[in-house]
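As structure tokens, the structure follows; a few thoughts come after it.
Bear in mind the structure is a predicted one, so any value in this text is a computation, not a measurement. So you know, we letter chains A, B, ... as the sequences are listed, proteins then strands, and number each from 1. Atom set for the values below is all heavy atoms of this structure, side chains included, hydrogens, waters and symmetry mates excluded.
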There are 2 protein chains.
Amino acid sequence: MAGSDLYTGTLDTMILKAVSWGAMHGYGIGRWIRQNSDDALEINEGALYPALHRLEKKGLLSEEWGVTETNRKAKFYKLTAAGRRQLKAEIVRWKKYSQAVTAVLSASSA
Amino acid sequence: MAGSDLYTGTLDTMILKAVSWGAMHGYGIGRWIRQNSDDALEINEGALYPALHRLEKKGLLSEEWGVTETNRKAKFYKLTAAGRRQLKAEIVRWKKYSQAVTAVLSASSA
DNA sequence: AGTCATACCTCAGTGGTCAAGGTATTGCTG
DNA sequence: CAGCAATACCTTGACCACTGAGGTATGACT
């Protein structure tokens, strides 16, 4: 599975966003990100699962085993209150940061 | 010197951009990035200098000792041909990537 | 003489990602 | 019904960029 060479640190925020309307399982989160990025981002599983565990350990996600619509067992993640706060802050940070980098990369004089 | 919590991987591209109109020394590159990001990005020197050495080692920058306008000795960096090519590619990559992440973070339905 | 800004550097530690391996189950298709 | 793709989870070692903190030296101004 070819990764997308992530800019480190952006994955966690996207994961939090993915579950912001309800519980989702890991594999589905990866698929959701790919789809919502118009196939630009392909999440490496070796990055995805450690990230989920990390976020759970930080108390930003809670996990629970369940069954998918297609009858498969899967671990479902949802946002905690802290996770929702974090998501909000991270989105602000991303906006500022990406605008700053874009400004730098389109500067037209020294 | 407080860093800006960089998203790993974005620094190199900004450095290449900084020297795209002519040679610049390391300390000045840090200042240039800060100014062109409207003070949003404060480059940690512990990130900056290793990055310069890295890029030089990769053949994307060439370095040469010189003297600044204010009469101080400093190491000046400029783009190599490979560096210019890399910069172009990295800017494209950043545009695609940042648009993708922004799309994901502003998705409005599951 | 002292201090600030400039200008360079290194190092240990941390931590996220990649690449590659693995297990198990469902469901489709030949 | 055998085989295989897709789903769904996981771990591990290696790599490497960044943080935070330390350091040296010089020019300019007070």
* From C:dG16, D:dC10, D:dA8, pick the nucleotide closest to the side chain of A:T8? ->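 The listed nucleotide nearest to A:T8's side chain is C:dG16.
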* Nearest heavy-atom neighbours spanning A:W32 and B:A107 ->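 Looking at all heavy atoms of both residues, the shortest contact is CZ2-CB, 3.8 Å.
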* For residues B:R93 and A:Y7, is any side-chain donor paired with an opposing acceptor at under 3.5 Å? ->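 Judged by distance alone, the side chains do pair up.
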Between [atom2] of [N] and [atom1] of [X], the distance in whole Å:
| X | N | atom1 | atom2 | value |
| --- | --- | --- | --- | --- |
| A:L48 | D:dT7 | CG | P | 14 Å |
| A:E69 | C:dG27 | CD | P | 13 Å |
| A:Y49 | D:dC10 | OH | P | 6 Å |
| A:N71 | C:dT25 | CG | C1' | 10 Å |
| B:H25 | C:dC8 | NE2 | C1' | 10 Å |
| B:L52 | C:dC8 | CG | C1' | 11 Å |
| B:E45 | D:dC18 | CD | P | 15 Å |
| B:N44 | C:dT14 | CG | P | 17 Å |

* For the pair B:S20 (side chain) and B:K17 (backbone), establish whether a donor and an acceptor sit closer than 3.5 Å, ignoring hydrogens and angles. =>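 A pair under 3.5 Å: yes.
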* Asked: Got a donor-acceptor contact below 3.5 angstrom from the A:S98 side chain to the B:S98 backbone?
  ->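 No: the side chain of A:S98 does not pair with the backbone of B:S98.
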Can you tell me if the side-chain N/O atoms of [X] get under 4.0 Å from OP1 or OP2 in [N]?
| X | N | answer |
| --- | --- | --- |
| A:H53 | D:dC10 | yes |
| B:T68 | C:dA7 | yes |
| B:K73 | D:dG27 | no |
| B:R72 | D:dA25 | no |
| B:R54 | D:dC18 | yes |
| A:Y27 | D:dT7 | yes |

* 5′-ward residue of the pair A:T70/A:P50 relative to DNA chain C ->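 Residue closer to the 5' terminus by nearest nucleotide: A:P50.
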* Using a cut-off of 4.0 Å on non-hydrogen atoms, how would the nucleic acid contact of B:A74 be classed: base, sugar-phosphate, or nothing? ->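 Sugar-phosphate: the residue B:A74, judged by heavy atoms under 4.0 Å, touches backbone atoms but no base.
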* So what does A:G26 touch, heavy atoms closer than 4.0 Å: a base, only the sugar-phosphate, or nothing? ->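 Sugar-phosphate contact only - A:G26 comes under 4.0 Å of backbone atoms but never of a base.
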* To do: Taking side-chain contact (heavy atoms from CB on, under 4.5 Å) as the test, write out the residues that go with B:E56, two or more places apart.
  =>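 Here the qualifying residues are B:E63.
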